[in-house]
**Q** 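This is the structure I have questions about; it appears just below.
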Number of protein chains: 2
Amino acid sequence: MNELGVSPNPGQDLDSQLRHALEEAGWRYTRQRAAVYQFLHSTTEHPTAEEVFSTVRQTIPSISLATVYKALEALVDAGVAAKLSSTDGPARYDCRMDSHYHVRCLQTGRIHDLPTPFDPALLDKLDPKLVESLERQGFHVTAYRLEVVGYFPEK
Amino acid sequence: MNELGVSPNPGQDLDSQLRHALEEAGWRYTRQRAAVYQFLHSTTEHPTAEEVFSTVRQTIPSISLATVYKALEALVDAGVAAKLSSTDGPARYDCRMDSHYHVRCLQTGRIHDLPTPFDPALLDKLDPKLVESLERQGFHVTAYRLEVVGYFPEK
DNA sequence: ATCCTTGCAAAGCATTTGCAGTCAC
DNA sequence: GTGACTGCAAATGCTTTGCAAGGAT
């Protein structure tokens, strides 16, 4: 980082972060995983495996869809990406690892990040005894998720 | 309903509610759909299609898994059930149509309802300009979802 | 040198579809 | 009687797996 807080070489920073995270979790650093990670970071959409595949293919033409799936699994396991569920259609992947909220389009399945600041105390505000009560019942609370659902304009 | 607010024949009430909802949405009332709906109402778990199938099969041995899927689709379309997504494993179904929150076990995929009262103003509390801002960008907000995630005790 | 990862093809799981016979209205 | 629904089997879409060849440490 320089005095402006901007990395002079964001690609290299990402690479060393990735290498570290992968090694920490017992995975090897490979160019396929690096390319998948870079692409996830370059987009604000939350792409599907197929979307990752067709983009990364432009850089590494020999990459296979199976390798993309395995790379995404490694990234999730290494804690640098998250898998987002959907009722219909394929899973989507997110590499913003700070807690944040999503908007989901029920028509297209697309997901975007919300700019709204994450409120760590939201569950307590909803019900001060909620987490305590769940833990007492043996459920270990690790997080909460909130998403706004609706429809994007017709395209 | 009697003076205690308890239906003397809950099964019949469910049936007429279901018949009405299905007809309203252009579907026919069938015993397969009724059996699926009754089972969804009888459980606080949110079963998968396969779980619905194996239970309803005890009442209607000839029912097929495809019919269960079609019945669940009809119930969702008629607005008397909801499909819940999950990152791994099959979808789960919920027939509580009032807004409420969920707890999800990351290990088993199981989902339960939270007793916490639903707060219709939660998004506004999080950010008073959020919904307005999304609508201005052409996104039509229809609802929000919140779930607590974590782990049930080892079984 | 060792063990992990890749790319391919085949398998797997959840869900949907096509269709002949059956049922609801 | 008509059109929708059922049950079966086959097809589909997304994802995972097995394996021989290649790559990372």
Side-chain angles (χ1 to χ4, degrees), chain A residues 15-16 18-37 46-54 56-57 59-78 81-93 108-111, chain B residues 15-16 18-37 46-54 56-57 59-78 81-93 108-111:
Chain A
D15 263 11
S16 35
L18 174 62
R19 181 182 289 272
H20 184 257
L22 285 173
E23 284 172 359
E24 197 81 351
W27 301 92
R28 284 185 185 170
Y29 173 92
T30 67
R31 65 202 189 94
Q32 287 85 347
R33 288 169 187 168
V36 168
Y37 188 58
H46 297 304
T48 64
E50 199 75 47
E51 287 163 359
V52 173
F53 176 52
S54 62
V56 170
R57 211 177 197 182
T59 315
I60 306 179
S62 65
I63 199 171
S64 72
L65 182 55
T67 298
V68 170
Y69 273 105
K70 286 174 206 164
L72 290 167
E73 186 204 345
L75 298 184
V76 170
D77 183 77
K83 188 177 181 180
L84 309 177
S85 58
S86 53
T87 34
D88 296 292
R92 293 175 171 274
Y93 293 85
T108 62
R110 278 205 282 263
I111 300 170
Chain B
D15 262 12
S16 34
L18 174 62
R19 181 181 289 272
H20 183 258
L22 285 173
E23 285 172 358
E24 197 82 350
W27 301 91
R28 285 186 182 169
Y29 173 93
T30 66
R31 66 203 188 93
Q32 286 85 348
R33 288 168 188 170
V36 168
Y37 188 58
H46 297 303
T48 64
E50 199 76 46
E51 285 163 1
V52 172
F53 176 53
S54 64
V56 169
R57 210 177 198 182
T59 316
I60 307 179
S62 65
I63 199 171
S64 72
L65 182 55
T67 298
V68 169
Y69 274 105
K70 286 173 206 166
L72 290 167
E73 185 204 344
L75 298 184
V76 170
D77 183 77
K83 188 176 181 181
L84 309 178
S85 58
S86 53
T87 34
D88 296 292
R92 293 175 172 274
Y93 293 85
T108 62
R110 279 206 280 264
I111 300 170

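First the proteins, then the strands, lettered A, B, ... as listed; each starts at 1.
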**Q** Taking all atoms of both residues into account, what is the closest heavy-atom pair of G109(B) and R92(B), and its distance?
**A** O-NE, 3.1 Å

**Q** I need the residues from residues 20-30 of chain A with at least one non-hydrogen atom less than 4.0 Å from DNA chain C; give them sorted by number, or say none.
**A**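 Result for residues 20-30 of chain A: W27(A), R28(A), T30(A), sorted by number.
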
**Q** List the atom of V76(B), the atom of K83(B), and the distance in Å for their closest heavy-atom pair.
**A** CG2-N, 4.1 Å

**Q** Should E51(A) and T48(A) be marked as a side chain to side chain contact (heavy atoms under 4.5 Å, CB included) after you check the CA-CA gap, both sets of side-chain angles, and the distance that decides it?
**A** CA-CA 5 Å; E51(A) 287 163 359; T48(A) 64; 3.4 Å; yes

**Q** Within this structure, what is the CZ-to-P distance between F53(A) and dG13(D), rounded to whole angstrom?
**A**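 For the pair F53(A) CZ and dG13(D) P, the rounded distance is 16 Å.
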
**Q** Out of dG7(C), dT15(D), dT25(D), which has the shortest distance to the side chain of R19(A)?
**A** dT25(D)

**Q** What is the distance, rounded to the nearest whole Å, between atom CD1 of I60(B) and atom C1' of dC5(D)?
**A** 13 Å

**Q** Which nucleotide wins on minimum distance to the side chain of K70(B), given the candidates dT15(D), dC8(D), dT6(C)?
**A**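 Minimum distance to the K70(B) side chain belongs to dC8(D).
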
**Q** Pick from T67(B), V68(B), I60(B): which one makes a side-chain contact (heavy atoms from CB on, under 4.5 Å) with S64(B)?
**A** T67(B)

**Q** Ignoring backbone atoms, test whether Q32(B) places a side-chain nitrogen or oxygen under 4.0 Å from the OP1 or OP2 oxygen of dG7(D).
**A** yes

**Q** May I have the distance from E50(B) (atom CD) to dC13(C) (atom C1'), rounded to whole angstrom?
**A** 10 Å

**Q** Please walk me through it: do Y69(A) and E73(A) pass side chain to side chain contact (heavy atoms under 4.5 Å, CB included)?
**A** CA-CA 6 Å; Y69(A) 273 105; E73(A) 186 204 345; over 6 Å; no

**Q** Given dT15(D), is OP1 or OP2 found less than 4.0 Å from the side-chain N or O atoms of Y69(A)?
**A** yes

**Q** Checking contacts here: which listed nucleotide (dG7(C), dT6(D), dT15(D)) is nearest the side-chain heavy atoms of P90(A)?
**A** dT15(D)

**Q** Quick one: R92(A) CZ to dT15(D) C1', roughly how many Å, whole number?
**A** 16 Å

**Q** Using atom CZ of R31(B) as one end and atom P of dC23(C) as the other, report the distance to the nearest whole Å.
**A**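 Interatomic distance, CZ of R31(B) to P of dC23(C): 8 Å.
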
**Q** Which nucleotide, dT16(D), dT17(C), dT6(D), lies nearest any side-chain atom of A66(B)?
**A** dT17(C)

**Q** Could you give the CD-to-P distance, from E73(A) to dT17(D), as a whole number of Å?
**A** 8 Å

**Q** Could you tell me the separation between the CG atom of L72(B) and the P atom of dC5(D), rounded to a whole number of Å?
**A**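 Checked: the CG to P distance equals 15 Å.
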
**Q** For A78(A) and A21(A), which heavy atoms make the closest approach, and how far apart are they?
**A**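 For A78(A) versus A21(A), the nearest heavy atoms are CB-O, 3.6 Å.
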
**Q** For T48(A), report the nucleic acid contact type (base, sugar-phosphate, nothing); a contact means any heavy atom under 4.0 Å.
**A** nothing

**Q** When you measure from the side chain of R33(A), which nucleotide among dT6(C), dG7(C), dT16(D) comes out closest?
**A**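 Nucleotide nearest to R33(A)'s side chain: dT6(C).
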
**Q** I'd like to know if the side chain of S86(B) reaches the main chain of P90(B), judged simply by a donor and an acceptor atom lying under 3.5 Å from each other, with no hydrogens or angles considered.
**A** yes

**Q** Can you tell me how far P of dA14(C) sits from OH of Y93(B), to the nearest Å?
**A**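 So the two atoms are 12 Å apart, to the nearest Å.
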
**Q** For dG7(C), take OP1 and OP2 only and decide whether either is under 4.0 Å from a side-chain N or O of S62(A).
**A** yes

